[in-house]
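To start, the structure itself, in structure tokens.
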2 protein chains.
Amino acid sequence: MARKTGSHSEITGPRIRDAALRLFARHGYATVSMRQIAAEVGVQAGALYLYTADKQALLFDLMQDHMINLLAAVEALPQMPTPQARLEQFARFHIGYHLDRPDAVFIAYMELRNLSPENFATIEALRRRYEDYLQTILQDGAFALPDPKMATLALIAMLTGVTNWYREGGRLSREDVQTLYADMALRAAGVAGGAAQSG
Amino acid sequence: MARKTGSHSEITGPRIRDAALRLFARHGYATVSMRQIAAEVGVQAGALYLYTADKQALLFDLMQDHMINLLAAVEALPQMPTPQARLEQFARFHIGYHLDRPDAVFIAYMELRNLSPENFATIEALRRRYEDYLQTILQDGAFALPDPKMATLALIAMLTGVTNWYREGGRLSREDVQTLYADMALRAAGVAGGAAQSG
DNA sequence: GTCTATAGTACGATAGAC
DNA sequence: GTCTATCGTACTATAGAC
């Protein structure tokens, strides 16, 4: 800390991104200044511009990386035999993945309007691909949903909402929450028997 | 328009609030300047301070009014005979009320972190009262939910999510959306037969 | 009640020394 | 690669004329 000079390009870049992620999530992109980010990393503001073109690029890169990683993770899930198992797997995955990355998730949902139009379009396309993954599951006849597209958006909103209140070490464990939400998702989608009715 | 002087205290105040509501929702509290709000109303920036102590008070008043009106509206709903009917009524109400006030809703959910700590506590208390209204419904034995508090948060997140995608004049009517979401909420809460299975 | 003008501060981004 | 210093701009909020 407080080291004044030296070569740290492999380390400073990620640290800038980590600091920006945390600060943007906590205070909002528009509120956070480049000086704050620099102070968090322990460099001067000017040094940030060796690693990012500008503040907007910093936000965009964080969101794009998050969405690309999310997509890669969901598409790497093992194939499940039944529509019900696929939906349950998705619900558990979505909650687990989002609980692991609260800052990235928060930014991805809250800072869309601070993206430039072109950057917004790129992120929206990635998000749409993620939604399509769930929609494909829900389109299976086993669910008989009148509107799978709408159900997709409803379920994703429900599952993502867990990040608004879940706190590590609280009354419910991560597993509890995954089970309870997966059950609600299965029931909402019209499956009679959820995974575990807890009781 | 472009009138330069005169007495408009009864009219300028509400117009400032309307402009702030629209601009905050569209661009975010932190991004919008007092000059932008003033320009939208047609006065100079300094004139705003005759109607609000500062920018923070403007945001707080908008959020507080929204939450108070929302609470008054939900508490004025006619009493329904069964738990299922109460949940369906709540789901339809929540969606209808939120679709009618997209800007206020957006601000109430997105700008919480831009409130001062004291103002945040006030708004959170109001939100908690609204959640309690639904939680009371869900605590009825008819639903047999393992965790009514969590189910409350899950359902509110799902229902509120409709504001992220619904557009007037789109594929689904307001009534369609209310029906489909109410059905999903009823099923998620563990009620076998929803209001209308649409088929 | 609204205006013009401005004090005081903070910002994003860049230039040039080391 | 990081620093110091700074340019040009924008902001919130206030003071004082009308």
Side-chain angles (χ1 to χ4, degrees), chain A residues 1-21 23-24 26-63 107 111 113-119, chain B residues 1-21 23-24 26-63 107 111 113-119:
Chain A
M1 233 147 291
R3 189 188 304 199
K4 285 297 190 293
T5 58
S7 179
H8 304 285
S9 66
E10 326 79 22
I11 246 189
T12 304
R15 289 189 56 205
I16 288 171
R17 295 162 54 84
D18 285 355
L21 185 75
L23 289 171
F24 288 167
R26 194 110 65 215
H27 307 293
Y29 172 78
T31 306
V32 173
S33 70
M34 294 298 265
R35 283 171 174 78
Q36 278 178 270
I37 298 169
E40 188 92 351
V41 175
V43 298
Q44 292 299 313
L48 299 182
Y49 292 88
L50 297 170
Y51 302 93
T52 185
D54 52 22
K55 196 184 173 189
Q56 168 72 203
L58 201 43
L59 174 62
F60 174 67
D61 288 347
L62 291 173
M63 292 182 62
I107 289 173
E111 302 296 358
R113 66 176 149 190
N114 285 314
L115 290 171
S116 70
E118 318 83 62
N119 288 344
Chain B
M1 232 148 292
R3 189 189 303 199
K4 284 297 190 293
T5 59
S7 180
H8 305 286
S9 66
E10 327 78 21
I11 247 189
T12 304
R15 289 189 56 205
I16 289 172
R17 297 162 53 84
D18 285 355
L21 185 75
L23 289 172
F24 288 167
R26 194 108 66 214
H27 307 292
Y29 170 79
T31 305
V32 173
S33 70
M34 294 299 265
R35 281 172 174 79
Q36 278 177 272
I37 299 170
E40 188 91 350
V41 175
V43 299
Q44 292 298 315
L48 299 182
Y49 293 88
L50 296 171
Y51 301 93
T52 185
D54 52 21
K55 197 184 173 191
Q56 169 71 205
L58 201 43
L59 174 62
F60 174 67
D61 288 348
L62 290 173
M63 293 184 61
I107 290 174
E111 302 296 359
R113 66 176 149 191
N114 285 313
L115 289 171
S116 71
E118 317 82 62
N119 287 344

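For the pair A/Tyr51 OH and D/dG1 P, the computed distance is 5 Å after rounding to whole Å. To the nearest angstrom, P of C/dT2 lies 7 Å from CG of B/Leu50. Taking atom CG on B/Leu48 and atom P on C/dT2, their separation rounds to 10 Å, with Å as the unit. Here the P atom of nucleotide C/dA17 and the CD atom of A/Gln44 are 18 Å apart, to the nearest Å.
Out of C/dG12, D/dT2, D/dC11, the shortest distance to the side chain of A/Ser33 is found at C/dG12. Ranking D/dC11, D/dT4, C/dC3 by closeness to the B/Val43 side chain, first place goes to C/dC3.
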Would you tabulate the pairs of protein nitrogen or oxygen atoms and nucleotide nitrogen or oxygen atoms of nucleotides 13-15 of chain D closer than 3.5 angstrom?
{"unit_1": "D/dA13", "atom_1": "OP2", "unit_2": "B/Tyr49", "atom_2": "OH", "d": "2.8"}
{"unit_1": "D/dA13", "atom_1": "OP2", "unit_2": "B/Lys55", "atom_2": "N", "d": "3.1"}

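A pairwise comparison of heavy atoms in B/Met34 and B/Asp54 identifies CE-C, 4.4 Å as the closest pair. Across all their heavy atoms, B/His27 and B/Val32 have their closest contact at CB-CG2, 3.8 Å. Scanning both residues, A/Asn114 and A/Ala30, for their nearest heavy atoms gives ND2-N, 4.5 Å. Between A/Arg15 and A/Val41, the shortest heavy-atom contact is NH2-O, 2.9 Å.
Checked against salt bridge (Lys or Arg N to Asp or Glu O under 4.0 Å), B/Arg113 has the following partners two or more places apart in sequence or in another chain: A/Glu111.
Heavy atoms of A/Val41 sit nowhere under 4.0 angstrom from any nucleic acid atom.
Close to D/dG1, at under 4.0 Å from its OP1 or OP2, lies no side-chain N or O of A/Thr12.
Under a 3.5 Å cut-off, the side chain of B/Tyr51 and the backbone N or O of B/Arg17 do not form any donor-acceptor pair.
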